[in-house]
Amino acid sequence: MKNIYLILIGLYATSCATVNSAIEGGKNIAMTTVDTTMKTAGNISSAALQDVSGLVDTVAETYEGVIDTVVENIDEQTDELQDKPEESK
């Protein structure tokens, strides 16, 4: 009878270690998955923001060039419409 108790205690300890290993392994897999997913999402978000930033800079530079051109054209046209002083003869 004493031997049966020793065998049962050994099986109980072994099964507890196995269950604990399975739980720890599951937690490790879950945490690694969450960590990897969050890092990937962060990298994608960062890249997307950099792309949007580059696009905004490009659009701003384009509009700046268009505005400069329009201002120059308006200045030239108003210069043509202004009365020029008559030259003395």
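All figures in this text were calculated on a predicted structure; none of them were measured in a lab.
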Quiz item: Which residues satisfy the side-chain hydrogen bond (donor to acceptor under 3.5 Å, both in side chains) test with T32, sequence neighbours excluded?
Solution: N28
Quiz item: Linking Ile, Leu, Val, Met, Phe, Trp and Tyr by side-chain heavy atoms under 4.5 Å, what else ends up with L49?
Solution: none
Practice problem: Sequence neighbours left out, what passes salt bridge (charged side-chain N to carboxylate O under 4.0 Å, His left out) with E64? Give chain and number order. | Solution: none
Exercise. Can you run down the salt bridge (charged side-chain N to carboxylate O under 4.0 Å, His left out) pairs that involve residues 16-31, sequence neighbours left out, and say none if there aren't any?
Key: E24-K27
Quiz prompt | Sequence-distant partners of D68, salt bridge (charged side-chain N to carboxylate O under 4.0 Å, His left out), two or more places apart | solution = none
Quiz prompt | Residues that E61 engages under side-chain contact (heavy atoms from CB on, under 4.5 Å), provided they are two or more places apart | solution = none
Exercise. Please name all residues satisfying side-chain contact (heavy atoms from CB on, under 4.5 Å) with S46, sequence neighbours left out, ordered by chain then number.
Key: Q50
Exercise. Using side-chain contact (heavy atoms from CB on, under 4.5 Å) as the criterion, list what pairs up with T78, not counting sequence neighbours.
Key: I74, D75
Quiz prompt | Contacts of V56 that satisfy side-chain contact (heavy atoms from CB on, under 4.5 Å) - sequence neighbours left out | solution = V52
Quiz item: Looking at T37 and T33, what are the two nearest heavy atoms and their distance?
Solution: OG1-O, 2.7 Å
Quiz item: Which hydrophobic side chains are connected to I44, either touching it within the sub-4.5 Å cutoff or through other members that do?
Solution: none
Quiz item: Should side-chain heavy atoms under 4.5 Å link Ile, Leu, Val, Met, Phe, Trp and Tyr, which residues sit in the same cluster as M31?
Solution: none
Practice problem: Just grab all the salt bridge (charged side-chain N to carboxylate O under 4.0 Å, His left out) pairs involving residues 28-37, residues at least two apart or on different chains. | Solution: D35-K39
